[in-house]
Asker: 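Got a structure for you, questions after.
Side chains included, hydrogens not; waters and symmetry mates left out as well; all remaining heavy atoms used.
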Amino acid sequence: MASQGYSPYAYLSGTQSQQHTPPPRPSSSSSSSASYESQGSHLIIGKCMYCKSQLCYPQAVKVFQCVTCDTINDLIPAPGTAPLEPLTLQQIQNEVQAGKSGATGDIDYTRLEALLQEKLKKFAAFNSCFGTGRPITYDHCGVDLEETRKAFALLVAMPNSIARAVMIAVEGLLKRPGKEIREKEDLKFVMIMLECPWLSRHRNPQESEYHHNITKRLFTIISNLPSDLHKYLSSWFRNCLTTPIFHNRINFVNKFITQRLSNQQKSNDRNQHIIYQSDARIQAAARVMHLFFKANQPHEMEMLDLGKNRSGEGYVVNTSKNSAVKSQKIPIDEYYNMIVDLIDLPVDFCAWESRSAMFTFCQYPFLISMGAKMQIMAWDAKRQMEIKMQKTIEALVMQKRQKALENLNGDASGITLLTQAELQQAPLLILKVRRNNLIEESLTQLSRNEMDLKKSLRIEFIGEDGVDAGGLRKEWFLLLVRQLFDPQFGMFVYDDQSSYCWFNPASFESLDQFYLVGVVIGLAIYNSTILDLPLPLAVYKKLLNTPVTLEDLATFRPDLAKGFDQLLNYEDDDVEDVFCLNFVGSYEAYGESVEVPLMPDGANNPVTNHNKRQYVERYANFIMNSSISDQFESFRRGFYLVCGGHALSLFRPEEIEFLVRGSAEPLDIDQLRSVTVYEGFNDEHEVIKNFWSIFKEFDDKNQRRLLQFITASDRYPATGIANLSFKITCMGSHDSQRYPTTHTCFNQLCLYNYKGRDKLKNMLQRAMNESEGFGVK
């Protein structure tokens, strides 16, 4: 029998409303304190057990109702023990069957209701439901979640009275848990309640409000649990929930945040941001989401802190067997809440930056989309550039004033204002470079203008006409990156299997060159330019001081990581004889192998079954940290010179990689077509219709190859194809045997009026496959 819903106010007339006489409500106000003292009562200051609000109440009181979260606090824990027979799926199934086969032939679920009321009305009884009997660990929550889901699925199909019985019990328990939750054994009720399907139902406004109010109580309790219990919950969310269910929990929390923010934005209050900043329920939901976010970062939960220096050296994860296969359950963008993007983020950022006591979403940046974070970074950069521009203008004025005073022998009447050209150049960073000496001149001018790197960048190629409207700047980035990452230049070493590159520990180039690479990547982020850099995610992790792992090593050195896995998974005792390894790391330096001990006298310390994990950890740390510490520190210094600031800390390493390299998601050709600009063509021209038909017909590999042919990158901006400028130009109204050409600096494709679809396809394939372009390698 399908559920028909239940009255959201049913508990008011049911037994739940008669269970407790309303206890006294303490207050934090001085007037209430004076009133109590006038009655001769001694007051004490304490905290609510569930929302941690500071409260003032008479010493003689043994139970009170919190004025903030409305939860009843029992200062003396209510008596209660787990029933001898906790609620199980089998019991529910038996009562359902009994209700269907009553003596009168009518369906009667009275016994089922009584069972639910008995087993769920007290904390100890509720907490023992669907237990497994196994010890509670970080990997096991003590609840048979599969049985719990089957039980709820069975109850959802029951009449309204069953739903009412369950929800009254849930609400009553959250209103008065009866004890402070301090032990991991007390957390089982949280896992059970999160499985409750009715909390996600919003079929009408009354039901939505009722379930929302229950959910806010649950989130308040979870968010204020001790930190050691939070660790258990995060571990259970990761280890006990399948990816689809984990995803559903994320949506559940996000919908709660969305509902509260939407209700606030519908109000007429112009100071809307003040409302959410003082909303303890949104803050509680954000904290709960943070537990799910930490559960999605498995290696950060396992991190061994071996020393925190600025370059990230020493951060190594103590990996267990097969840990290299661990990964995030869901991508980071699943946490984004689009309603959060609509708030006044600069105000939120300033409040967070000033360490205000108020709640801000920047405290939980995983809720903010990457596009919104880029807006914050752009706003912060603009703010900093305006400050620098003002100082620059003031310096120019003072300089001209000084010169005028010197030339006119102290007569200030000859002082002139800044010219229009000087005012226009003040907010710009202008680099004038020669193509044949690009690296040296770029490094020299960037080093000379370190204080101006956050200004808008303009490029002038000496000896060439042209005004930089963005094209010259992109060309400068492409040419510079091509030279810096050229394998023959020797700054980076490439892995043929992964196609990624890594810092060369044996590079002959000066550390200034690595500094330049960091500056260039930072400038590319600030100037919204995609760079096709084959750097692995580990680089961006190290930039943000996030621990690197064996999984990161497997990304850019798969063969080495495979060898480590074979060593770790080898179970016999003859490791020393089979693998013949010592505690020595090595790297190739222009055809010769350089060996470095991983520990004192490492060459004479063999790897055995007992120390093989230590060997793998030390070798991984050697590759990713210690062997390249000087090169990476210079690179990091250059990057932070441009991107340094609080706004950068809002990003995750994956997001920084997307900002630099663009998105690797499948191309949406229809969306790309919708933002394309035509010159000499229109969207209905036969050549254009053939072009888009061919583009869609290509497989993913050829689609990306064509995109790279046109834009110099096979990826689109991290904020979406809608933010990619794309232009197709007609080179003449006649047919031609010439191949299509591109201006990658402007994302421009130049086509002739080719006759026939097959000819256009052949011309495109030949052009994109045989053109060298601006590839990095």
Asker: Any side-chain heavy atom of Arg705 sitting closer than 4.5 Å to one from Asn769?
Answerer: yes
Asker: So do Glu588 and Val493 actually touch side chain to side chain, heavy atoms under 4.5 Å?
Answerer: no
Asker: Is the backbone N or O of Ile330 less than 3.5 Å from a side-chain atom of Asn296, with the two atoms forming a donor-acceptor pair by type?
Answerer: yes
Asker: Angle between ring planes, His290 versus Tyr364, binned at 30° and 60°: parallel, tilted or perpendicular?
Answerer: perpendicular
Asker: Within the distance-only criterion (no hydrogens, no angle test), does the side chain of Lys329 pair as donor or acceptor with the backbone N or O of Ala295 below 3.5 angstrom?
Answerer: no
Asker: Which label fits Tyr615 and Tyr619: parallel for a plane angle under 30°, tilted from 30 to 60°, or perpendicular past 60°?
Answerer: perpendicular
Asker: Any donor-acceptor pair under 3.5 Å linking the side chain of Gln445 with the backbone of Leu431?
Answerer: no
Asker: Check whether any side-chain heavy atom of Ile521 sits under 4.5 Å from a side-chain heavy atom of Leu535, and report yes or no.
Answerer: yes
Asker: Just checking, Arg652 and Phe366: is the charged tip under 6.0 Å from the six-membered ring centre and within 45° of the axis?
Answerer: no
Asker: In Å and rounded to the nearest 0.5 Å, what is the CZ to CG distance from Arg557 to Leu550?
Answerer: 12.5 Å
Asker: Are there over 12 heavy-atom neighbours, none belonging to Gln671, within less than 6.0 Å of that residue's CD?
Answerer: yes
Asker: With a 3.5 Å distance limit and no angle check, can you tell me whether Asp486 reaches the backbone of Gln488 through a side-chain donor-acceptor pair?
Answerer: yes
Asker: Going through the checks in order, is the side chain to side chain contact (heavy atoms under 4.5 Å, CB included) test met by Leu453 and Tyr526?
Answerer: CA-CA 9 Å; Leu453 295 180; Tyr526 263 104; over 6 Å; no
Asker: To the nearest 0.5 angstrom, please state how far the CD1 atom of Ile656 sits from the OG1 atom of Thr546.
Answerer: 10.0 Å
Asker: Less than 4.0 Å between a side-chain N and a carboxylate O, is that true for Glu551 and Lys541?
Answerer: no
Asker: Under the 3.5 angstrom rule, does the side chain of Ser447 hit a backbone N or O of Leu443 as a donor-acceptor pair?
Answerer: yes
Asker: Can you see which heavy atom on Met338 is nearest to which on Ser369, and at what distance?
Answerer: CE-CB, 3.8 Å
Asker: For Asp348 and Cys362, indicate whether the former's side chain and the latter's backbone hold a donor-acceptor pair under 3.5 Å.
Answerer: yes
Asker: Is there a donor-acceptor pair closer than 3.5 Å between any side-chain N or O of Lys542 and the backbone N or O of Val548?
Answerer: no
Asker: Side chain to side chain donor-acceptor pair (under 3.5 Å), that's the test. Do Thr549 and Asp552 meet it? Break it down for me.
Answerer: CA-CA 5 Å; Thr549 69; Asp552 295 309; 3.2 Å; yes
Asker: Are Glu475 and Arg435 within salt-bridge range, i.e. N to O under 4.0 Å?
Answerer: yes
Asker: I need the single residue from Thr744, Asn747, Thr529 that forms a side-chain hydrogen bond (donor to acceptor under 3.5 Å, both in side chains) with Lys474. Which is it?
Answerer: Asn747
Asker: Taking Tyr540 as the fixed residue, which of Glu655, Glu654, Arg661 is the one that meets the side chain to side chain contact (heavy atoms under 4.5 Å, CB included) rule?
Answerer: Arg661
Asker: Looking only at heavy atoms, which two atoms of Asn545 and Arg636 are closest? And how far apart?
Answerer: ND2-NH2, 3.6 Å
Asker: Taking the side chain as every heavy atom from C-beta outward, state whether Val594 and Ser586 have any pair of such atoms under 4.5 Å apart.
Answerer: no
Asker: Looking at every heavy atom in both Ser507 and Met491, which two are closest together, and how far apart are they?
Answerer: OG-CA, 3.8 Å
Asker: Locate the shortest heavy-atom distance separating Trp352 from Ser649; write the atom from each residue and the value.
Answerer: CH2-OG, 3.3 Å
Asker: Evaluate Leu648 against Tyr640 for side chain to side chain contact (heavy atoms under 4.5 Å, CB included), listing each step before the verdict.
Answerer: CA-CA 9 Å; Leu648 182 67; Tyr640 269 85; 3.7 Å; yes
Asker: Once you round to the nearest 0.5 Å, how far does CG of Leu659 lie from CE of Met377?
Answerer: 7.0 Å
Asker: Evaluate Trp379 against Leu345 for side chain to side chain contact (heavy atoms under 4.5 Å, CB included), listing each step before the verdict.
Answerer: CA-CA 10 Å; Trp379 177 86; Leu345 287 172; over 6 Å; no
Asker: Decide yes or no for Asn337 and Phe361: does some side-chain heavy atom of the first lie under 4.5 Å from some side-chain heavy atom of the second?
Answerer: no
Asker: Below 4.0 angstrom, N of the basic side chain to O of the carboxylate: do Arg704 and Asp700 qualify?
Answerer: yes
Asker: Kindly give the heavy-atom pair with the smallest separation between Phe622 and Ser626, and that separation in Å.
Answerer: CA-OG, 3.2 Å
Asker: Between Leu533 and Val660, is any pair of side-chain heavy atoms under 4.5 Å apart?
Answerer: yes
Asker: Flag the pair Tyr500 / Tyr494 as yes when their ring centroid distance falls below 6.0 Å, and as no otherwise.
Answerer: no
Asker: Verify side chain to side chain contact (heavy atoms under 4.5 Å, CB included) between Phe726 and Ile721, making sure each step is shown before the conclusion.
Answerer: CA-CA 10 Å; Phe726 201 80; Ile721 286 183; over 6 Å; no
Asker: Could you grab the distance from atom CG of Leu446 to atom CG of Leu429, nearest 0.5 Å is fine?
Answerer: 6.5 Å
Asker: Whether the side chain of Gln363 engages the backbone of Thr360 through a donor-acceptor N/O pair (distance < 3.5 Å, no angle test) should be reported.
Answerer: yes
Asker: Are the side chains of Asn504 and Tyr590 in touch, meaning some heavy atoms are under 4.5 Å apart?
Answerer: yes
Asker: Within this structure, what is the CZ-CD1 distance for the pair Phe651 and Ile368, rounded to the nearest 0.5 Å?
Answerer: 9.5 Å
Asker: I need the minimum non-hydrogen distance between Ala372 and Asp341, along with the two atoms involved.
Answerer: CB-OD1, 3.3 Å
Asker: Report yes if some heavy atom in the side chain of Leu457 is under 4.5 Å from a heavy atom in the side chain of Trp476; otherwise report no.
Answerer: yes
Asker: To the nearest 0.5 Å, what is the distance between CZ on Phe583 and CD on Gln614?
Answerer: 4.5 Å
Asker: Can you give the donor-acceptor pairs under 3.5 Å from side chains of residues 508-519 to other protein atoms, not counting sequence neighbours?
Answerer:
{"unit_1": "Ser510", "atom_1": "OG", "unit_2": "Asp512", "atom_2": "N", "d": "3.4"}
{"unit_1": "Tyr515", "atom_1": "OH", "unit_2": "Glu450", "atom_2": "OE2", "d": "2.8"}

Asker: Between the main-chain N or O of Tyr716 and the side-chain N or O of Ser663, is there a donor-acceptor pair closer than 3.5 Å?
Answerer: no
Asker: Can Asp559 and Lys562 be counted as an ion pair, charged N to O under 4.0 angstrom?
Answerer: no
Asker: Can you check whether Phe556's main-chain N or O pairs, donor with acceptor, with Ser498's side chain at less than 3.5 Å?
Answerer: yes
